[in-house]
Amino acid sequence: MAEVKLDFLGSLQRTHRCGELRASDAGSTALLMGWVHRRRDLGGVIFIHLRDRDGITQIVFDESRNPEQHKRAQELSGEYVIAIEGEVKLRGADTVNPNIATGEVEIAAAKIWILNESRTPPFPVEDNVDVKEEVRLKYRYVDLRRPRMQRNIIMRSKVAFAIRRALYAQGFLEIETPFMTRSTPEGARDYLVPSRIQPGTFYALPQSPQIFKQLLMVSGYDRYFQIVRCFRDEDLRADRQPEFTQLDIEISFLRDGQIYEIIEPIIWEACQAAGRTVEKKIAFITFEQAMRQYGSDKPDLRIPPFHCVEDLFAGTDLAREGLPLAAIHIPKAGTLTRKERDEIKAAGQERGLRVYDDSKRLERDFPEQMARVRERVKPADDDLLMLAAWAGEKRGALPEQTALLACGQLRLFLAQKYADRHKLLDPEVLKFVWVVDFPMFEWDEEEKRWNAAHHPFTSVHDDDLEKLTTDPAHCRAKSYDLVLNGVELGSGSIRIHRRDVQSKVFAALGFSEEEAKRRFGFLLEALEYGAPPHGGMALGLDRVIMLLAGEQSVREVIAFPKTAKATDLMCEAPSQVPEQQLRQLGIRVVNPQ
RNA sequence: GGGGACGUAGUUCAGUUGGUUAGAACGCCGGCCUGUCACGUCGGAGGUCGCGGGUUCGAGCCCCGUCGUCCCCGCCA
C-alpha cells in the first residue's frame with residue numbers, strides 16, 4: 001500500500017448516506033462517508049464514485065478551484081475509506097447519470113478526509129463478476145459489500161423485523177432458551193461443548209429449542225416465539241448449514257386449524273417485506289395426496305403433478321400388484337431426440353424405474369388405456385408424457401412409497417432438464433402449500449423399529465389413537481409442513497400434553513418407561529404439572545430468505561456461512577487448540593489429523 | 001461413506017496429438033489528459049499451472065495419490 005497520511009474521524013458526522021442526495025438538495029452542503037468505489041482521473045479533474053450500503057454519489061475534485069484537495073484525491077485508490085464535504089450541485093443535462101439514484105447531482109469536494117487506505121480488493125465490489133465461492137468466502141467482508149449480498153442481507157433484516165412485528169401484533173413474546181443444553185439421543189448428531197467444571201461431561205448445542213418451548217407452554221407463556229440458531233452435525237447441502245436460524249413458534253390452547261390462521265399472516269408479512277406479493281391463504285395437500293401426485297412430501301406446485309394410472313392398466317404387463325404406474329407430464333418439452341430419451345431412461349433406471357417413453361408404441365399396444373391417460377393428464381401437443389414404473393424387487397417397508405418417491409425424483413429431473421422450455425421453475429412464482437396428515441412413524445430399516453416421523457412429542461390423529469399399538473404404519477400425526485416451491489420451509493405439530501398419551505407413543509417407539517424417563521424425564525415430569533394443550537412450528541429462516549431472494553443456496557443469505565465440509569474459510573474454523581486448553585477440559589485427542 | 005464437476009496471473013478464463021520464453025481481458029503500478037461515470041490513451045510489473053509422486057528426451061496437458069471448492073445420494077427425530 002502507498003504511504004498515505006490518514007486523517008482522524010474526530011467529530012465529523014455524516015449529513016447524508018450515499019444514495020440519498022437528489023436535485024432538490026442542490027445548493028446545500030453535504031458531508032458523506034464511504035468507500036471509494038471508482039476513481040476516474042482526467043488530469044485536471046478527478047471523479048470519485050463514493051459508495052456506502054445505501055448507494056453511490058459522485059464527487060468532483062477540480063484542480064483549478066481546489067488544488068490542495070485535488071492533490072489529495074490523487075492518492076486515492078479503490079476501497080479507501082473517506083469523508084467528503086462540499087456543495088451539492090446539479091449536474092448539467094448532458095452529464096446526468098441515469099444509472100444511479102443520485103445521478104442528477106454531484107458534490108464539489110471542498111474537503112476530503114482519508115480515514116483509511118485499502119489493499120487492492122481480491123475481486124471487484126460489483127455484481128456480474130463471477131468469482132469462485134472459495135475466494136468470496138475467504139474475503140467475505142469484501143463479498144458482503146457487493147450489491148447482491150447487501151440486498152440479501154438487508155432483505156433478511158427487513159423480513160426478520162416484519163416477522164417480529166407480525167408476531168408481536170398477535171400477542172407473542174420473544175423468549176430466549178439455552179444454547180448449552182443436554183444432548184438428546186434422537187435426531188441429528190449433536191454438536192458437543194465440553195464442561196470444564198464438570199470434567200468428562202458435555203453440553204449439546206440445541207438441534208432446536210423444542211423441549212424448552214414446550215416447557216414454556218407448561219409455564220403459561222402461551223404465545224412464544226424466537227428467532228434462534230440451531231445446530232445439527234450432519235452433512236451439508238445447498239439448503240443446509242450446520243448452524244442455521246429457525247423462526248420457532250409455540251402456542252397454547254391451539255384449536256384445530258388455528259395454527260394456519262396464525263402462520264399465514266406472518267408469511268404474508270414476510271413476503272411483503274421482501275417486496276413479494278402472495279395470496280393470503282395457503283393451499284393444503286395431504287401427505288398421501290402429495291405422494292401420489294408428486295412423489296414427494298415437499299411438492300413443487302409450479303410443475304404439474306404426475307398421475308397414477310395403474311388402475312387403467314390392470315391386467316397388463318405395465319401394472320404390478322401394489323405398485324404405482326406414473327404418467328409423468330412435462331409441459332412444452334417438445335420432440336425429444338433419441339439421445340434425450342436414452343438419458344431419461346438412464347435417469348429412471350438410476351432410481352429403480354423402468355421408463356416407457358415410446359408413445360407410438362404405447363398408443364399401438366394400449367390404445368384404450370392411453371386415451372384414458374390423456375383424459376386424465378390433458379397434455380398439450382408439445383408436452384412430454386411418459387409412463388414410469390418400479391422395475392425391480394419391491395423395496396422398503398412401504399414399497400409403493402419407495403416407487404412413488406422414485407417417480408417424484410424422475411419428475412423433478414425432467415422438469416429441471418426442460419426448465420428452459422416450459423419456464424415453470426420461475427423463482428418469481430411462489431407456490432406455498434401446507435402438507436398435512438403425515439404418518440406418525442417411519443420404519444427404520446437398519447434398527448428394525450419405528451421412528452417418530454416428526455418428533456416423539458407429536459400428537460396422533462384423534463381417529464388413529466387405537467392404531468398406535470395395532471397398526472403404527474397407518475397412524476397419522478397431527479403434524480404439518482410448510483412447503484414453498486419444493487423446499488421444506490418448516491414443520492410443526494400439535495404436541496402431546498398428556499403424560500399417559502406420551503407414554504403410549506414412547507411405547508410404540510419401543511422405549512421402555514425407564515428409557516423414556518432417562519431420555520426425556522424432565523419433560524415427562526413437566527407434563528404432570530398442568531401442561532396445557534399446545535402446538536407450534538419452526539420455520540427455517542435461511543430457506544425462507546433464500547427463496548424470497550431468488551437464491552439457489554442459503555449461503556447467499558447468511559453473512560458468514562460455512563463450506564460443504566463445515567469449515568469457515570475466513571477465520572479457518574474449526575481449528576486445533578493449545579494442549580493446555582484440552583487438559584483443562586480433560587480431553588485427549590486420539591487421532592489428530 | 002458413495003457418485004459427479006472444477007482447480008492456470010489479484011480476478012475470470014484460453015492454452016492444439018505431450019514440444020521453443022504459458023497467453024487474453026479486467027484489475028494493479030507509472031506517464032499524459034478539465035466533464036468522466038465500465039473515462040480515454042501510452043508504457044510496465046505480475047505465474048509454486050492446488051500439492052506430491054510417476055511415465056517421457058520433454059508434462060499446464062498423460063497416469064497414480066492427495067488437498068480444496070461446489071452439486072447430488074446416504075444422513076438431516
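Since the structure is predicted, the reported quantities are computational estimates derived from the model, not experimental observations. Note on naming: letters A, B, ... go to the chains in the order of the sequence lines (proteins, then strands), and numbering restarts at 1 for each one.
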Checklist entry - Given the rule in the side chain to side chain contact (heavy atoms under 4.5 Å, CB included) test, do A:R145 and A:E79 qualify, once you have shown the distances and angles that lead to the verdict? => result CA-CA 10 Å; A:R145 290 177 192 169; A:E79 300 308 305; 2.7 Å; yes
Checklist entry - Could you go step by step and tell me if A:Q58 and A:R40 meet the side-chain hydrogen bond (donor to acceptor under 3.5 Å, both in side chains) rule? => result CA-CA 10 Å; A:Q58 174 161 282; A:R40 287 179 296 278; 3.0 Å; yes
Next on the checklist: Would A:E87 and A:K111 count as a salt bridge (Lys or Arg N to Asp or Glu O under 4.0 Å) here? Give the steps.
Outcome noted: CA-CA 10 Å; A:E87 189 190 340; A:K111 172 82 178 129; over 6 Å; no
Item to check | Residues A:Y294, A:L412; criterion side chain to side chain contact (heavy atoms under 4.5 Å, CB included); working and verdict | outcome: CA-CA 9 Å; A:Y294 297 93; A:L412 282 181; over 6 Å; no
Checklist entry - Given A:F457 and A:F506, is the side chain to side chain contact (heavy atoms under 4.5 Å, CB included) satisfied, shown in steps? => result CA-CA 9 Å; A:F457 321 116; A:F506 278 147; 4.2 Å; yes
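Rounded to a whole angstrom, the distance from the P atom of B:A25 to that of B:G19 is 24 Å. On the C1' atoms, B:U21 is 28 Å away from B:C63, given to the nearest whole Å. Look at the P atom in both B:C37 and B:G27: the space between them is 13 Å, to the nearest Å. For the P atoms, the distance from B:C64 to B:G3 is 14 Å, rounded to whole Å. Between B:U55 and B:G10, the two P atoms lie 31 Å apart (nearest whole Å). Nucleotides B:G4 and B:A14 place their P atoms 22 Å apart, quoted to the nearest Å. Comparing the C1' positions of B:A24 and B:C67 gives an interatomic distance of 29 Å, to the nearest angstrom. When the C1' atom is compared between B:A9 and B:C71, the two are found 28 Å apart, to the nearest whole Å.
Atom-to-atom, CD of A:E350 to C1' of B:C71 comes out at 14 Å; the value is rounded to the nearest Å. The CZ atom of A:F123 sits 9 Å away from the C1' atom of B:U11 (whole-angstrom rounding). The CD1 atom of A:I46 sits 16 Å away from the P atom of B:G40 (whole-angstrom rounding). Straight-line distance from the CZ atom of A:R146 to the P atom of B:U11: 13 Å, rounded to whole Å. Counting to the nearest Å, the P atom of B:U36 and the CD1 atom of A:I59 are 18 Å from each other. For A:E104 and B:C37, the CD to C1' distance is 15 Å, given to the nearest whole Å. Between the CD atom of A:E572 and the P atom of B:U69 there is a distance of 11 Å, rounded to whole Å. Rounded to whole Å, the distance from CZ on A:R232 to C1' on B:C76 is 7 Å.
Residue A:E106 is in base contact, counting any heavy-atom pair closer than 4.0 Å across all strands shown. Residue A:Q58 is in base contact, counting any heavy-atom pair closer than 4.0 Å across all strands shown. Contacts of A:P456 with the nucleic acid, taken as non-hydrogen atoms under 4.0 Å apart, include base atoms. In this structure, A:D130 reaches the sugar-phosphate backbone alone: every heavy-atom distance under 4.0 Å involves primed, P, OP1 or OP2 atoms, never a base. Contacts of A:L569 with the nucleic acid, taken as non-hydrogen atoms under 4.0 Å apart, involve only primed sugar atoms and P, OP1 or OP2.
B:U36 has its base stacked against the ring of A:F47, the centroids being under 5.5 angstrom apart at an interplanar angle below 30°.
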Please tabulate, for side-chain N and O atoms in residues 98-105 of chain A, each donor-acceptor pair with protein atoms closer than 3.5 Å (sequence neighbours left out).
unit_1: A:N99; atom_1: ND2; unit_2: A:N97; atom_2: OD1; d: 3.3
unit_1: A:T102; atom_1: OG1; unit_2: A:I56; atom_2: O; d: 2.5

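In the region residues 512-522 of chain A, proximity to RNA chain B at under 4.0 angstrom, judged on heavy atoms, holds for none of the residues.
Annotation: side chain to side chain contact (heavy atoms under 4.5 Å, CB included) contacts of A:P399 (sequence neighbours excluded): A:L323, A:K394. By the side chain to side chain donor-acceptor pair (under 3.5 Å) test, A:N451 pairs with A:D444, A:R449, sequence neighbours left out. A:R395 pairs by the side chain to side chain contact (heavy atoms under 4.5 Å, CB included) definition with A:W390, A:T402, not counting sequence neighbours. With sequence neighbours excluded, no residue forms a ring pair (Phe, Tyr, Trp, His ring centres under 6.0 Å) with A:Y191. With sequence neighbours excluded, the residues forming a side chain to side chain contact (heavy atoms under 4.5 Å, CB included) with A:A549 are A:R151, A:N152, A:M155, A:E551, A:V557, listed by chain and number. Here A:A188 pairs with A:Q207, A:R232, A:E234 under the side chain to side chain contact (heavy atoms under 4.5 Å, CB included) rule; sequence neighbours left out.
Between A:A564 and A:H455, the residue anchored nearer the 5' end of RNA chain B, judged by the nucleotide with its closest heavy atom, is A:A564.
In this structure, A:R555 reaches the B:C71 phosphate: one of its side-chain N or O atoms is under 4.0 Å from OP1 or OP2. The side chain of A:T563 contributes an N or O atom lying less than 4.0 Å from OP1 or OP2 of B:U69. Listed pair A:R40 / B:C39 meets the phosphate criterion, a side-chain N or O lying under 4.0 Å from OP1 or OP2.
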Checklist entry - Which letter, B, S or -, goes with each nucleotide of nucleotides 1-8 of chain B from 5' to 3', with contact meaning a protein heavy atom under 4.0 Å? => result B------S
Checklist entry - Tell me, for nucleotides 22-34 of chain B in 5' to 3' order, what letter each nucleotide earns: B for a base near a protein heavy atom under 4.0 Å, S for only sugar-phosphate near one, - for neither? => result -----SSS---BB
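Across all strands shown, B:G60 forms no Watson-Crick or G-U wobble pair with both distances under 3.5 Å. Base pairing annotation: B:G65 forms a Watson-Crick or G-U wobble pair with B:C51, both donor-acceptor distances under 3.5 Å. Pair check for B:G18 finds none; no Watson-Crick or G-U wobble contact set falls under 3.5 Å. With both pairing distances under 3.5 Å, B:C32 is matched to B:G40 as a Watson-Crick or G-U wobble pair.
Looking at A:R240, its side chain comes within 3.5 Å of the base of B:C75 through a donor and an acceptor atom. At a cut-off of 3.5 angstrom, counting only N and O atoms as typed in the model, there is no donor on one side facing an acceptor on the other between the side-chain of A:E133 and the base of B:G68.
Counting only residues at least two apart or in different chains, side chain to side chain donor-acceptor pair (under 3.5 Å) contacts with residues 478-488 of chain A comprise A:D462-A:K478. Among residues at least two apart or in separate chains, there is no salt bridge (charged side-chain N to carboxylate O under 4.0 Å, His left out) pair with a member in residues 563-572 of chain A.
Considering only the side chain of A:V129, B:U11 comes nearest among B:G35, B:C76, B:U11. Checking B:U11, B:C76, B:U36 against every side-chain atom of A:A188, the shortest atom distance belongs to B:C76.
In this structure, a donor-acceptor pair under 3.5 Å is present between the side chains of A:E340 and A:Y418.
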